[in-house]
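Below: one structure, written as structure tokens.
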Protein chains: 2
Amino acid sequence: MTSATPPDILGARQAGAHPGRPYDRSSDPAILSVALDLLADRPYERVTLDAVATLTGRAKTTLYRRWATKDELLLAAIRSVGHPPEAASLPDSGSLRGDLLAVIDSPWLGGAERRLAVFAGLASAARSSELLAQAIRLEVADPYADVYRRLFERAIERGEVPRDRRARIPLLAEVIPAMSDRRMSSGTAPADRDFFVSLVDGIVLPALLGVPAA
Amino acid sequence: MTSATPPDILGARQAGAHPGRPYDRSSDPAILSVALDLLADRPYERVTLDAVATLTGRAKTTLYRRWATKDELLLAAIRSVGHPPEAASLPDSGSLRGDLLAVIDSPWLGGAERRLAVFAGLASAARSSELLAQAIRLEVADPYADVYRRLFERAIERGEVPRDRRARIPLLAEVIPAMSDRRMSSGTAPADRDFFVSLVDGIVLPALLGVPAA
DNA sequence: CAATTACGCTACTCCTCAGTAGCGTAATTG
DNA sequence: CAATTACGCTACTGAGGAGTAGCGTAATTG
């Protein structure tokens, strides 16, 4: 072992009661945030630790003292995303539409613009590494879609949506993320608020309230 | 100029009336097809011309005699996809549902499985090269979504769908491709026929026939 | 204070991959 | 036949990027 501090559960190193200069953990969040920004901006293969080092003002060797490989650092960045605050307490505006827009307008991860870019980048990065793909799915994509799923379920419980639409929910919970990622990646039109409003009013809500399943 | 044969409009070299051994064009389609398979299988950065050469039984130098750069070969591969046969003559099964499923079940590009993999790979590759992104959008993604769009338009013309749903069509035409790409990339569940049937019956048709826009 | 360990820095190794050079051979034209 | 040009092959150059070594310095503990 080169380092005296053992690896951490969270992917970084554990602080211990050692003599000697301690790890400067204060910059870890900034490092992981920059890693996310890079994943949002360019494909996995062109995210370099040199770039992370430069943008954070740390030395590349310092990054490698904290994370053993590029994948471990990116994995930690993915885990740092965490769950959306809406998962802890579902928005409750009084209508399903208002709730959906509350999730869309959430300030989480720096606001809609950055969040959408990060999500699209992660979806693309999932094709480059099976390891990262699992983490992205289990720790980011699935929990996020789950918020939409729970909003739909609750709308049924409240009688806002007929019960026989329940079978549509699993697929419907993916529609907003799927359309958002496509918009972000195709570079044709911006994924702005109007886009999401049209999506909610023109697709999601009609699909829930539309004719019963065949 | 190293080669005596000038570049082609289609991205390869023009056959001319030269003395000497002529280009063997018979393997061009196989080369572009393998390039597409590789783009379907791995990210752009890990598609190597060495792999194309090995898998096609050609020498890498031969590939470079035909296409000047990796991007030109991939561009030619993208252009070789062409338009879906359904764009030339829309399926007409008698119902919108049957028409949508006809597009989904199309044998185009080797059948649904390969076609979906290729589309998902191209969508991801679009993030790696702005040049390729334009070609993918203009020559593959947009024409494909246009088939769905025209089916929806025709269903309105025929009275199968109320006229006031027309505004939903542009977004709705992206739903099937978007959901398909997400399924293929997330690696969670297969994008099999059941998936598309659920998508059509549970999302697309209800979204078209659902309550009028707010 | 001494010992210890992290930091930034420079420089390095190793590997992959785009693209090229040169050669001997195969397939054409005239 | 000679001339020409594509082919496969091997070998190479050059760039980029993961990961490491070693040094001088900074920040801790005791």
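In the text below, chain A, chain B and the rest are named by the order of the sequence lines, each starting its count at 1. Computed over heavy atoms, backbone and side chain alike; hydrogens, waters and symmetry mates excluded. None of these values were measured; they are calculated from a predicted model.
The pair D50(A)-K60(A) meets the salt-bridge criterion, since a charged nitrogen lies less than 4.0 angstrom from a carboxylate oxygen. Checked for salt-bridge contact, D99(A) and R154(A) meet the test: a charged N lies under 4.0 Å from a carboxylate O.
For dC9(C), the base has a donor-acceptor partner in the side chain of T61(A) [N/O atoms by modelled type, under 3.5 angstrom]. On a pure distance criterion of 3.5 Å, no polar donor-acceptor pair joins the side chain of R46(A) and the base of dG17(D). Judged by atom type and distance alone, K70(A) does not reach the base of dG17(D) through any side-chain donor-acceptor pair under 3.5 Å.
Remark: P of dA6(C) and OH of Y23(A) are 4 Å apart, rounded to the nearest angstrom. Counting to the nearest Å, the C1' atom of dG19(D) and the CG atom of D71(A) are 13 Å from each other. When the P atom of dC12(C) is taken as reference, atom OH of Y64(A) falls 19 Å away, rounded to whole Å. Following rounding to the nearest Å, R25(A) (CZ) and dT28(D) (P) show an atom-to-atom distance of 14 Å. Between the C1' atom of dA6(D) and the NZ atom of K60(B) lies a distance of 18 Å, rounded to the nearest Å. Atom CH2 of W67(A) and atom P of dA18(D) are 15 Å apart (whole Å). The distance from atom CZ of R65(B) to atom P of dG8(D) is 8 Å, rounded to the nearest whole Å. Atom CG in D50(B) sits roughly 14 Å away from atom C1' in dT13(D) (whole-Å rounding).
T69(A) comes within 4.0 angstrom of the backbone, heavy atoms only, and of no base.
The minimum heavy-atom distance between L38(A) and T48(A), with the atom names listed, is CD1-O, 4.5 Å. When all heavy atoms of A126(A) and S185(B) are compared, the pair lying nearest together is CB-O, 4.3 Å.
The side chain of R21(B) lies closest to dA26(C) when the candidates are dG19(C), dT28(C), dA26(C). For R58(A), the listed nucleotide lying nearest its side chain is dG8(C); candidates were dT4(C), dG8(C), dC7(D).
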Just do the salt bridge (Lys or Arg N to Asp or Glu O under 4.0 Å) check on R168(A) and D201(B) with the steps written out, would you? CA-CA 9 Å; R168(A) 298 176 186 173; D201(B) 290 335; over 6 Å; no
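Aromatic ring orientation, Y144(B) versus W108(B): parallel (interplanar angle below 30°, classes split at 30° and 60°).
The side chain of T62(A) places an N or O atom within less than 4.0 Å of a non-bridging phosphate oxygen (OP1 or OP2) of dG8(C).
Annotation: cation-pi pair K70(A)/Y44(A) present, NZ/CZ under 6.0 Å from the ring centroid and within 45° of its normal.
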Counting Watson-Crick and G-U wobble pairs with both distances under 3.5 Å, what is the dot-bracket string for DNA chain D, 5' to 3', using [ ] for crossing pairs and | for pairs to another strand? ||||||||||||||||||||||||||||||
